[in-house]
Amino acid sequence: MRAMQLADPGAVPDVVGKAARDAGAIDVVLYLVDFGQTTLEPVPDGGVHVDLPVTEAVAASMAGRAFVDQHAATADRPAGSRVWVPIVEGSDRTGVLAVTVPTVTADTIRSCEDLGLLAGYMIATQSRATDVYNLYRRRRSLSLAATMQWDLLPPLVLKTGRLSVAGLIEPAYDVGGDSFDYAVNGSVFNLAIADAMGHGVESALIATLTLGSYRHDRREGLALDVTHRNLDAALSEHGREFAFSTGQLAQIDVDTGEMAWTNAGHPPPLLIRGGQVIREMECRPTPPWGLGRLVPARRQPEIAAEALEPGDSVLFYTDGVIEAHTIGGEQFGVERLMDLAGQQASD
């Protein structure tokens, strides 16, 4: 960490590689997962690697196994044992560190895992000052809209002792107007999900305004219904004519499990309990944010309440999930989504 203080922001692979070699490891490779979460891209260590190893597939490689399982994976090699450990930025898995060590012991594995954690934290602190790590996560160019959308997002994964959060947007390299945000403030978990109208840059601009207004009010400590109304006003005032976004706002008291939420014309979330989807959650929706002025009588949001139990999950999603279909085929639909979510929850 001291070495990184005076190093170039893009030098994390060099610093981590030197630390690993000083500890007796060889053939050190740092991989970052691409935005589509399908491949692990090697990042060069300027001091050692001239010919980089090939990209590793997440679905069919030892590096991918360490990434998916979030545990160390090992394999014997002529020069010793190859070890792959996850790189984690806080709770968000973003890559894999691979090293070869003379022998594998519990202490060796723990040291490798610690180095993976250190690499993640250093990347997280340095990525705002360099584009290196972002560029190595691209298998192809992101659209302008997708670049704007990804820069809006919080970490995709958060795990604490009391709650877990995971999110994703698709298509990763050309996303539409889908976005989300969250924050844990003391015992309160705050969440917003939004689906801006249209596609491309226009939708990204609406999403930026939507999340900007939400974050402003959340950080000002405003109530959920006030934040909801202010979102409608922000899009009405600053968006182009008839610009709108559907979405939901939620607050969960992590101590009690009490969840309060509002709905702006968005598909209702699913409540998952005991390994199965038990129902869609109900909340009377207002018009989408930005269109409330057209139906003044419905601008006041309802704040729905739900008593969550330990182990419960709530699945928020946008309509792109349930409206997906092959050419000429039927839409995926809510029922199939509920079946799929139940299958995953019961595994």
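This is a predicted model, so every value here is computed, not measured.
- When the side chains of ILVMFWY residues are joined at heavy-atom separations under 4.5 Å, either directly or via intervening members, L209 and L249 end up in a single hydrophobic cluster.
- In this model, no donor atom of one side chain and acceptor atom of the other lie less than 3.5 Å apart for R336 and Q331.
- Between the D253 side chain and the G257 main chain, no donor and acceptor come within less than 3.5 Å of each other.
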**Report entry** Steps toward side chain to side chain contact (heavy atoms under 4.5 Å, CB included) verdict (F189, Y182)
**Finding:** CA-CA 7 Å; F189 173 69; Y182 66 81; 3.7 Å; yes

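- A salt bridge is defined here as a Lys NZ or Arg NE, NH1 or NH2 lying under 4.0 Å from an Asp or Glu carboxylate O, and E41 with R137 fails to meet this definition.
- A salt bridge between K18 and D14 is absent, with no side-chain N of the basic residue lying under 4.0 Å from a carboxylate O of the acidic one.
- Ring orientation note: the planes of H228 and W289 are nearly perpendicular, at an angle over 60° on the 30°/60° scale.
- Salt-bridge formation is detected for the pair E202/R240: a Lys NZ or Arg NE/NH1/NH2 atom is positioned less than 4.0 Å from an Asp or Glu carboxylate oxygen.
- You'll find the side chain of E280 reaches within 4.5 Å of the side chain of P268, heavy atoms only.
- Salt-bridge formation is detected for the pair D181/R215: a Lys NZ or Arg NE/NH1/NH2 atom is positioned less than 4.0 Å from an Asp or Glu carboxylate oxygen.
- Salt bridge status for D232 with R229: absent, with no side-chain N to carboxylate O gap under 4.0 Å.
- Taking the side chain to side chain contact (heavy atoms under 4.5 Å, CB included) definition, one finds that A204 meets it with A145, M148, Q149, sequence neighbours left out.
- How far CG of D174 is from OG of S141: 11.5 Å, rounded to the nearest 0.5 Å.
- Rounding to the nearest 0.5 Å gives a distance of 9.5 Å between CE of M122 and CD1 of I87.
- Note that R139 lies outside the cation-pi zone of Y173, set by a 6.0 Å cut-off to the ring centre and a 45° limit from the axis.
- Placement of M1 and L30 within a single hydrophobic cluster is found when ILVMFWY residues are connected by side-chain heavy-atom separations under 4.5 Å, directly or transitively.
- Judged purely by atom type and a 3.5 angstrom limit, D34 uses its side chain to pair as donor or acceptor with the backbone of T39.
- Within 6.0 Å of CZ in R65 there are 12 or fewer heavy atoms belonging to other residues, nucleotides or ligands.
- The other members of the hydrophobic cluster of F332, by chain and number, are L270, I272, V277, L315, Y317, V321, I322, V334, L337, M338, L340 (side-chain heavy atoms under 4.5 Å, ILVMFWY only).
- A salt bridge is defined here as a Lys NZ or Arg NE, NH1 or NH2 lying under 4.0 Å from an Asp or Glu carboxylate O, and R162 with D255 meets this definition.
- With a 6.0 Å radius and a threshold of 12 heavy atoms from other residues, nucleotides or ligands, E282 has its CD atom at or below the threshold.
- In this structure S203 satisfies the side chain to side chain donor-acceptor pair (under 3.5 Å) test with no other residue, sequence neighbours excluded.
- Note: L32 CG to N134 CG = 10.0 Å, rounded to the nearest 0.5 Å.
- To the nearest 0.5 angstrom, I123 atom CD1 is 11.0 Å from T130 atom OG1.
- Less than 6.0 angstrom separates the ring centroid of W150 from the ring centroid of F35.
- Between the side chains of T105 and T108, at least one donor N or O lies within less than 3.5 Å of an accepting N or O.
- When only modelled atom types and interatomic distance are considered, T100 and R77 share no side-chain donor-acceptor pair under 3.5 Å.
- Hydrophobic clustering keeps L231 apart from L222 (ILVMFWY residues linked when any side-chain heavy atoms are closer than 4.5 Å, directly or through intermediates).
- Note: D319 CG to T246 OG1 = 6.0 Å, rounded to the nearest 0.5 Å.
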Determine whether V99 and C112 satisfy the following criterion, side chain to side chain contact (heavy atoms under 4.5 Å, CB included), listing intermediate values before the conclusion. CA-CA 8 Å; V99 300; C112 292; 3.7 Å; yes

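- To the nearest 0.5 Å, the span separating CG on D339 from CD on Q276 amounts to 11.0 Å.
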